[in-house]
Each structure stands twice: as structure tokens, then as C-alpha cells.
> 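Structure provided below as C-alpha cells; questions to follow.
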There are 2 protein chains.
Amino acid sequence: MTDKNIPSPATLHDVAKLAGVSYQTVSRVVNNMPHVSPRTLEKVNRAIAELNYQPNRAARSLVTGKSNAIHVVVFDMYNLRMIPSMEYAAHENGFQFRLTGLHGNVPTKELGQKLYEITTSQIDGVILVLPWVTITDEELQRMMRGIPYVIVGCSLGYETNSVLVDQQHGTRLAVEHLLELGHRKIAAINGSVDHYYDARLRRATLLEVLEEHNLKLVAEETGNFSIQSGFDAARRLLEKDPGFTALFCANDEMALGAIRAIKDCGLRVPEDISVVGFDDQYFAGYCDPPLTTIRQDFEALGAHSFQQLLSLLKDPDMAPHQRILYSKLIVRKSTAHPAH
Amino acid sequence: MTDKNIPSPATLHDVAKLAGVSYQTVSRVVNNMPHVSPRTLEKVNRAIAELNYQPNRAARSLVTGKSNAIHVVVFDMYNLRMIPSMEYAAHENGFQFRLTGLHGNVPTKELGQKLYEITTSQIDGVILVLPWVTITDEELQRMMRGIPYVIVGCSLGYETNSVLVDQQHGTRLAVEHLLELGHRKIAAINGSVDHYYDARLRRATLLEVLEEHNLKLVAEETGNFSIQSGFDAARRLLEKDPGFTALFCANDEMALGAIRAIKDCGLRVPEDISVVGFDDQYFAGYCDPPLTTIRQDFEALGAHSFQQLLSLLKDPDMAPHQRILYSKLIVRKSTAHPAH
DNA sequence: TTTCCCTTGTGAATCGTTTGAGCGATCACA
DNA sequence: TGTGATCGCTCAAACGATTCACAAGGGAAA
């Protein structure tokens with residue numbers, strides 16, 4: 001009924017007929033192939049514009065085996081902030097953007113199934129946002145069946161294209177900041193070391209830097225990166241009362257929760273306890289006190305990962321490399337000299 | 001070189017050969033069509049499993065004109081929190097998830113171009129996350145070329161499938177809460193009424209409720225929903241010093257910024273000024289003071305919008321309807337009786 | 001005028017499916 | 001035993017592009 005008003009999209013033939021050339025020639029124009037005179041080019045382009053012609057992606061995909069689309073696989077929707085920048089970069093470069101989120105701790109087999117579906121969908125490239133590493137480079141490479149891919153957020157070794165933030169550098173900045181302020185009794189709320197690559201690196205670096213100064217972590221709890229878990233973890237730390245003067249939190253959300261817990265105990269931040277976060281989430285500058293933290297540029301992470309995929313698409317034989325971004329220390333009001 | 005190890009995906013023919021039947025029969029099996037004997041079904045299924053067969057989406061798409069995919073168009077990546085729940089629902093139901101974000105204030109023509117590309121890509125359905133309304137129902141309907149779609153976040157009238165949150169109800173809750181506490185001098189930081197449907201409704205309802213109590217807004221500023229803009233707007237309000245005791249903010253981010261500005265002036269929240277936010281973002285319960293706000297269930301919004309699209313896909317002649325979600329008041333510590 | 005290249009058209013094959021038509025074989029019923 | 005109907009399966013034609021090889025026509029250079 002209403003369907004009558006909707007003309008089915010124009011095809012190559014329609015354009016050809018209107019322009020008075022063969023559909024072959026139209027195909028040449030559409031694909032920017034040589035051997036077409038300016039005059040016919042003009043005619044064809046006008047016909048294309050008039051009919052509002054768009055090549056049928058399915059047909060094109062079928063014969064070329066390509067799709068002009070990339071697929072992003074995100075685990076636990078780990079850091080949504082990367083998504084818009086990836087999406088933007090993809091469309092800017094003429095690629096469709098497809099997304100799938102994996103939930104919970106995905107076993108390798110299920111991941112394999114998902115990747116099989118994706119890699120057999122004529123997709124041009126894949127970005128894997130992997131917060132952990134329960135998979136080897138070889139396994140992944142096999143699963144990807146020759147489709148170009150880049151990994152974001154963790155490293156599987158130098159043989160794999162990846163883009164990541166140097167967690168050791170960032171953590172070092174945070175810890176050394178606390179040390180310079182004079183803190184010696186430092187506690188931490190870490191993320192799950194078993195599940196998160198970043199969490200593991202941050203924790204290891206924390207211990208390493210302390211060791212360099214002949215110090216030990218006075219206490220430690222683990223959270224799941226949520227505000228609530230930071231709150232709970234800080235409560236546990238304070239109950240044990242190990243007398244720490246500074247608290248290193250593996251992300252801003254947990255730092256926010258921790259600050260609430262500290263205040264609830266009648267202590268002040270930073271006078272009694274200094275708190276550093278990680279990530280510089282958009283609320284970090286506006287909580288109370290404004291959070292000293294390590295800024296990670298997630299937008300850049302997303303944009304770079306697409307760029308790397310794009311390079312790989314253009315030159316499939318490109319030597320794999322890792323792109324490392326560095327984070328920086330943002331000093332605000334949640335850290336100060338210890339009272340002593 | 002490495003390509004040798006990657007077997008090209010199996011086709012219907014491969015499966016057919018292995019199972020010893022014709023490829024059309026395999027097609028029948030794959031598509032759960034009747035008229036296939038249990039014995040051949042069994043044979044074919046075993047062959048499918050053995051070859052790890054996945055139908056070629058492009059080929060299927062080409063002939064059916066469908067894609068088993070939905071496309072979500074988000075303006076300004078307005079509220080990312082809806083994305084994961086949409087994505088999840090889509091994949092749960094066997095649909096691919098494609099995403100495009102539109103940036104800035106997109107003119108209708110450009111929107112039309114984007115939608116043309118999308119609707120001619122054999123997509124099954126579209127979800128439009130539209131924060132504003134510079135387009136009419138008819139225009140949109142024409143642009144969608146018969147592809148089923150639902151709108152999220154604003155209403156284009158009862159003829160259009162949409163799912164939205166009742167902004168008037170939520171705003172009323174917030175304002176009446178302030179009035180019940182005894183506030184009479186209320187100021188507001190609104191979102192841009194020209195650009196956002198929600199902002200317009202919230203502002204209008206705010207004025208309406210006040211009017212019902214024979215009150216007027218004592219002062220008003222406009223922000224762009226960012227923390228910084230809330231901070232700036234609050235500064236301007238305080239400079240003018242209209243002596244308000246309560247501040248209505250059109251979202252939590254602006255409320256957060258406003259609280260910072262208020263504190264910077266040496267005033268206290270809620271003792272000197274009560275603040276209500278909107279949305280109940282995840283940080284709202286943990287800022288200082290914890291924010292009284294209106295909770296909007298964005299996850300439900302995303303899930304429902306997919307469900308509505310799914311119903312529409314199953315029955316294209318379904319009568320259009322609007323699905324309204326209600327928000328609720330979350331009272332925390334940022335509001336109190338006025339000092340007088 | 002001849003030669004050659006550049007432009008364009010012709011024709012056909014191919015990509016991996018879906019889908020309606022059609023063809024035997026089976027089976028119930030009279 | 002003859003007649004349809006039904007069942008299980010196969011044939012063959014699309015779907016809309018890309019990508020060959022090849023030939024015809026035109027214009028410019030020799």
C-alpha cells in the first residue's frame with residue numbers, strides 16, 4: 001500500500017540507461033577506473049546524482065569478498081569512551097561501523113565462535129578491545145582467519161598489531177607523585193589482576209616503584225572498577241586501619257567511591273589521606289576534592305587504533321607494530337603532603 | 001604466503017557435496033524450511049557442523065534484500081549508556097549491530113543523505129536516537145524509504161513509533177520535591193531549548209509547576225549539558241545573586257559543575273542552596289554531597305527501543321505507538337529545607 | 001593515408017544464496 | 001488399480017555488482 005511510493009533503489013543498469021552508456025562504463029566511473037573521457041564521466045555523474053544511485057553493498061560484497069566495514073569487538077564494554085572516536089574515524093574513511101560487545105569472562109571457545117561469525121561476514125578489518133589476555137597470539141591469529149586486526153588495550157607480544165597506553169609509565173607518575181609529597185605509608189585499591197591486563201601492570205609497577213624506594217604496600221584491596229567496589233574496598237582498608245596516608249586507586253571510579261568511604265569515617269582528603277585515581281574521567285575535576293589522577297586519552301586510543309587498522313588494510317604485509325600512548329599526571333586537590 | 005593456511009569458508013555446495021545432497025536441500029535445512037526428511041536433515045546438519053559452515057551474508061542479502069542487521073543512528077552520541085543495551089538486545093536476537101554517530105547540528109539535507117545510505121544498505125531496521133526535532137514526521141518517513149524505524153528520546157507525534165521517558169513527570173517530581181521542602185526562590189540551569197527536545201520539556205514543566213504554586217523562576221541560565229557549562233552557568237547565576245535557595249539543573253553533569261561553583265563561592269550545598277540534578281548518572285550517589293536527582297533508566301530505554309523495533313520487524317503493519325517510561329525521584333543529600 | 005592508442009561497448013563468467021517451478025515417488029482413497 | 005494429493009528433492013533463474021577478454025570506433029601522430 002504505502003510500498004508503492006517507495007521506488008526501489010537504482011541499479012547500475014538504470015544509471016547506464018539514463019546516461020546513455022553501457023553499465024560497464026558506469027561501473028568504471030563508480031570505481032574510479034581509468035579510461036573514461038571527461039565528457040562521459042560528466043554524463044554518468046549527472047545520472048548518478050539524478051537517480052541518487054548507491055551501489056548495492058551486498059552485490060559488491062559478494063563478488064569482491066570485501067564489505068567496506070570494520071567490526072569492533074569490545075569486552076564488557078570496557079571503556080565506552082573509545083567507541084565514538086572509532087566510529088567517527090571509520091565513517092570519515094568510508095567504512096561502516098559494526099559493533100559487538102562480549103559480556104562476562106568469555107571462554108576462548110565462545111570467543112572463537114563469535115570471531116568465526118565475524119570473520120566470515122566479509123568484514124574488512126577488526127578492532128579487538130581486549131582488557132585481558134587469556135588467549136595467545138597464535139590462537140588469535142588462527143581465529144582471525146587472515147582478516148586484518150588490531151588489538152587495543154593490551155599486548156600479546158610484538159608480533160601483533162596493537163595500540164595501548166603505557167600503564168607502567170602512568171603508574172610510575174602517580175606513585176612517584178605520592179612519594180615526592182612525602183608519603184611512605186601507601187595503600188592501594190587495585191583491579192582484578194587475574195582478569196585485567198591493565199590492572200596487573202598497574203599493580204606490578206606500583207610495587208616496583210615502592211621497592212625502588214625500599215617501601216612496601218601497607219595494605220591492598222581489590223575492586224571491580226565500579227564506584228561501589230571502590231567504596232567497599234576503602235571501607236575494608238580503613239577497618240583494618242593500617243595507618244596509611246595515601247591511597248592509590250586503579251581507576252577514578254574506585255577513587256571516587258574510596259573518597260566517600262574515607263569521608264564517612266570522619267577523615268579528610270587530602271589532609272588525612274591523599275588519593276590518586278587513574279584515567280581522568282570527566283567527573284574527576286569536579287568531585288570533592290578534585291581528583292589527582294593519570295590522564296588516559298581514550299579518544300586518541302580509539303582514533304589511533306582505527307588508523308593502525310587502516311594502514312594494515314592498505315598494506316596487509318605491513319610489519320606488525322605496537323603503538324604506545326603515554327598518559328600524564330594531572331595534579332588536583334586530592335593529594336597533599338602527609339600530616340605527620 | 002600465510003594465506004595458504006586459511007581455508008576459504010565453506011559454501012552451500014561444499015556442504016551439499018559432503019552430505020551427498022543438492023545444495024538447495026542444504027539451503028532448506030539452513031532456513032528451517034519444511035519438506036526435508038529427518039534422515040537428510042541429520043546428514044546435512046552433520047556436514048554443516050563438520051565444515052563449520054556459515055551462510056554468506058552478502059549473498060543472502062543480495063537475494064533477499066534483508067541483512068539481519070539493524071542500524072542505530074545517534075546524534076552527538078547523546079547518552080552512550082543506551083548503546084550497550086541496544087547492542088546486547090540486537091545480538092541476542094541474531095541481528096548485527098551497526099552504528100553511526102552524527103555530529104553537531106546536522107541539517108536535514110545531510111541527515112537525508114546519511115539515511116539514504118543506510119536505508120539502501122539492505123538494513124532491516126533503524127533506531128534513531130534523536131535529541132531534537134527539526135524534522136517532521138512526514139519528512140522522516142519519506143527519508144526512511146519504507147524501512148522500519150523507531151525513534152528514541154523524543155516524540156514526533158503519535159503516528160511514529162517511539163520510546164521515550166516522560167520528561168514532564170520527572171521534572172514535576174523534582175520541582176515538587178523542592179517546593180515541599182519549602183523552597184520558593186528557585187533558579188535553573190537548563191539545556192538548550194532550541195536544540196533539545198528534553199530540555200524544552202523540562203524547562204516548560206518547571207515553569208508550569210512553579211506557576212501552579214504562583215511562583216516564578218527567579219533566574220535562569222543555559223548550559224550544554226557538560227560539567228563545565230554547569231559550572232559556568234552557576235557562576236553567572238551567583239554573580240547576579242538573585243538570592244535563590246534552590247537550583248534545578250537539567251542534568252547531573254551540570255549539577256556537578258554547579259555544586260563546584262557554589263562551593264567556590266563559599267556557600268554550602270544543601271544548607272545555603274539545594275541542588276537537584278537529572279538522570280542519576282553513576283557518579284550522582286558519590287559526589288559531595290550525593291546528588292538528589294531524577295533517575296532515568298537508559299538501559300531500559302535502549303532495550304525497549306530494540307524490542308519495539310523487533311515487533312515492527314515481525315509485523316510491519318503494526319499500529320504505531322509510543323512507549324513511555326517513567327523516571328523516579330532519588331532523594332540524596334544535595335537538597336534540604338531552605339535556611340530562611 | 002596508415003598506424004596506434006585511447007575510449008567505449010559487448011558478452012560472458014562469477015560470487016553464494018534464495019525461491020518458485022517442476023519432477024518423480026509414495027500414499028490414501030475410491 | 002487408477003487418481004490425485006503430498007512429500008522430498010532438484011533445476012534453473014534470479015539478485016546486482018565486478019572483472020575478464022575482445023572488438024569497434026575515433027582521433028592523433030607518423
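To find a chain, count down the sequence lines: A is the first, B the second, and so on, and within it residues start at 1. As the structure is a computational prediction, the values presented were derived from the model and not from experiment.
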> If I compare all heavy atoms of A:I70 with all of A:L309, which pair ends up nearest, and what's the gap?
CG2-CD2, 3.9 Å
> Quick one: on DNA chain D, does B:T40 or A:T64 contact a more 5' nucleotide (nearest heavy atom)?
B:T40
> Are any of A:S27's side-chain N or O atoms less than 4.0 Å away from OP1 or OP2 of D:dT19?
no
> Looking only at side-chain atoms of A:L62, point me to the closest of D:dC15, D:dT18, C:dC15.
C:dC15
> For residues A:Q308 and A:H304, is any side-chain donor paired with an opposing acceptor at under 3.5 Å?
no
> What is the distance, rounded to the nearest whole Å, between atom OH of A:Y23 and atom P of D:dT19?
13 Å
> If I take atom CG in residue A:L41 and atom C1' in nucleotide C:dT8, what distance separates them, rounded to the nearest angstrom?
13 Å
> Atom CG of B:N68 and atom C1' of C:dT18: how far apart are they, to the nearest Å?
14 Å
> Under 4.0 Å from OP1 or OP2 of C:dG9: is there any side-chain N or O of A:T25 that close?
yes
> Can you measure A:D14 atom CG to D:dA17 atom P for me and round it to whole angstrom units?
8 Å
> Contact list please: residues 51-61 of chain B against DNA chain C, heavy atoms, distance less than 4.0 Å, in numerical order.
B:Y53, B:Q54, B:P55, B:N56, B:A59, B:R60
> Is any NZ, NE, NH1 or NH2 atom of the basic residue among B:E42 and B:R46 found under 4.0 Å from an Asp or Glu carboxylate oxygen of the other?
yes
> Can you tell me how far P of D:dA14 sits from CG of B:L12, to the nearest Å?
20 Å
> Distance check needed: C:dT17 P versus A:Q122 CD, whole Å only.
9 Å
> Checking all strands, does A:H13 fall into the base, sugar-phosphate, or nothing category for heavy-atom contacts under 4.0 angstrom?
nothing
> Would you confirm whether A:R57, through its side chain, and A:S67, through its main-chain N or O, come within 3.5 Å as a donor-acceptor pair?
yes
> Any luck finding a side-chain donor-acceptor pair between B:E139 and B:T108 under 3.5 Å?
no
> For D:dC9, take OP1 and OP2 only and decide whether either is under 4.0 Å from a side-chain N or O of B:S22.
no
> Could you check whether the side chain of B:R28 and the base of D:dT10 have a donor-acceptor pair of N or O atoms closer than 3.5 Å, going by distance alone?
yes
> Check step by step if side-chain hydrogen bond (donor to acceptor under 3.5 Å, both in side chains) holds for B:Q96 and A:R98.
CA-CA 7 Å; B:Q96 270 197 354; A:R98 307 184 184 174; 3.3 Å; yes
> Give me the atom names and distance for the closest heavy-atom approach of A:G125 to A:L313.
CA-CD1, 4.3 Å
> Pick base, sugar-phosphate or nothing for B:V30, based on heavy-atom distances below 4.0 Å to the nucleic acid.
nothing
> Any N or O donor-acceptor pair under 3.5 Å from the base of C:dT18 to the side chain of B:Q24?
no
